[in-house]
Amino acid sequence: MRATCMVIVALFFLVVSNLAIVISFATPYWIEFRNPVFHSGGNHHRGLWAYCDSSSCKWVFDNNFLIQKDLGVLIQVTQALYSFGAVCGILSLLIATIALCCDCKCNAHKAVAILLILAVVFMSIGLVIYGIAMNKKYDAAITWNETSQAMICWSFWLGVGACVVSFFTAIIYAFESHVTSYN
């Protein structure tokens with residue numbers, strides 16, 4: 001398949017969105033808690049897979065999944081949805097990269113667009129569930145205010161940005177799929 005300028009631009013945005021997905025997925029900065037929540041020194045922060053304080057981090061997989069059991073079902077649903085979205089995003093990058101190298105008779109752009117839309121849907125639903133759950137459980141806010149015990153942090157917002165970039169990348173790939181089907 002011949003790479004057009006639009007495909008190269010889309011691949012660039014696909015790499016950027018996948019980097020954002022992976023960083024957001026792996027970092028423990030989805031939410032930050034103030035001191036009084038845990039009655040110990042320093043602020044605490046959590047991600048999908050780790051809880052950290054000023055001295056160490058604990059993974060949800062440690063101690064026979066003890067932390068995972070205490071998370072609650074909504075956070076576990078978020079973990080699953082964001083994981084599915086991350087897999088779809090990484091698969092789309094793999095297919096797009098292989099399509100540049102191989103001369104296949106198929107329309108790989110359509111597959112990439114569909115996988116990206118699935119990634120956006122899974123991750124967006126997960127992000128909305130997480131935001132609502134943290135707001136209800138900890139009164140999490142977008143910024144610190146007098147009443148908030150917790151604040152949504154940069155990893156969460158990076159995930160939101162990854163969804164936005166992935167959505168626009170999916171549009172580019174869908175357009176390219178439509179253009180190449182007529183040639």
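Every heavy atom of this structure was used, including side-chain atoms; hydrogens, water molecules and symmetry mates were not.
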- Message: Ala26: which residues meet the side-chain contact (heavy atoms from CB on, under 4.5 Å) condition with it, sequence neighbours left out?
- Response: none
Distance-minimising heavy-atom pair for [X] and [Y]:
{"X": "Glu32", "Y": "Cys153", "answer": "CB-SG, 3.3 Å"}
{"X": "Leu127", "Y": "Cys163", "answer": "CD1-SG, 3.7 Å"}
{"X": "Ile142", "Y": "Met151", "answer": "O-CG, 3.5 Å"}
{"X": "Ala113", "Y": "Ala174", "answer": "CB-N, 3.7 Å"}

- Heavy-atom check, side chain of Val112 versus side chain of Leu91, under 4.5 Å: no
- Query: Out of Trp49, Phe156, Phe25, Tyr138, which residue meets the ring pair (Phe, Tyr, Trp, His ring centres under 6.0 Å) rule with Trp30?
  - Reply: Phe156
- Sorted by chain and residue number, the side-chain hydrogen bond (donor to acceptor under 3.5 Å, both in side chains) partners of Ser24 (sequence neighbours excluded) come out as Tyr82
Test of understanding: clusters of I, L, V, M, F, W, Y form through side-chain heavy atoms closer than 4.5 Å, transitively. Do [X] and [Y] belong to the same one?
{"X": "Ile95", "Y": "Val22", "value": "no"}
{"X": "Leu116", "Y": "Ile23", "value": "no"}
{"X": "Val165", "Y": "Leu158", "value": "no"}

Please round to the nearest 0.5 Å and tell me the distance separating atom [atom1] of [X] and atom [atom2] of [Y].
{"X": "Thr97", "Y": "Leu100", "atom1": "OG1", "atom2": "CG", "result": "6.5 Å"}
{"X": "Ile129", "Y": "Leu81", "atom1": "CD1", "atom2": "CG", "result": "5.5 Å"}
{"X": "Gln79", "Y": "Ile75", "atom1": "CD", "atom2": "CD1", "result": "8.0 Å"}
{"X": "Ile31", "Y": "Tyr130", "atom1": "CD1", "atom2": "OH", "result": "5.0 Å"}
{"X": "Leu118", "Y": "Met123", "atom1": "CG", "atom2": "CE", "result": "10.5 Å"}
{"X": "Phe122", "Y": "Ser124", "atom1": "CZ", "atom2": "OG", "result": "11.5 Å"}

Distance-only donor-acceptor hits, side chain of residues 12-21, under 3.5 Å, sequence neighbours excluded:
from	atom 1	to	atom 2	distance (Å)
Ser17	OG	Phe13	O	3.2
Ser17	OG	Leu14	O	3.0
Asn18	OD1	Ile90	N	3.2
Asn18	ND2	Leu14	O	2.9
Asn18	ND2	Gly89	O	3.2

- With distance as the sole test, does His44 use its side chain to make a donor-acceptor pair with the main-chain N or O of Phe33 at under 3.5 Å?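 Pair absent, no side-chain N/O of His44 close to backbone of Phe33.
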- Check for a donor-acceptor pair, side chain of Thr78 on one end and backbone N or O of Gly126 on the other, with a separation under 3.5 Å. yes
- Under the disulfide bond (SG atoms under 2.5 Å apart) test, residues paired with Cys52 that sit two or more places apart: Cys57
- Check ring pair (Phe, Tyr, Trp, His ring centres under 6.0 Å) between Trp154 and all other residues, then give those that pass, not counting sequence neighbours.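 Ring pair (Phe, Tyr, Trp, His ring centres under 6.0 Å) check on Trp154 returns Tyr29.
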- Going by side-chain heavy atoms closer than 4.5 Å, which hydrophobic residues are tied to Ile132, directly or by a chain of links?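 Val128, listed by chain and number.
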- Message: Around atom CD1 of Ile171, are there more than 12 heavy atoms from other residues, nucleotides or ligands closer than 6.0 Å?
- Response: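 It does: Ile171 CD1 has more than 12 such atoms within range.
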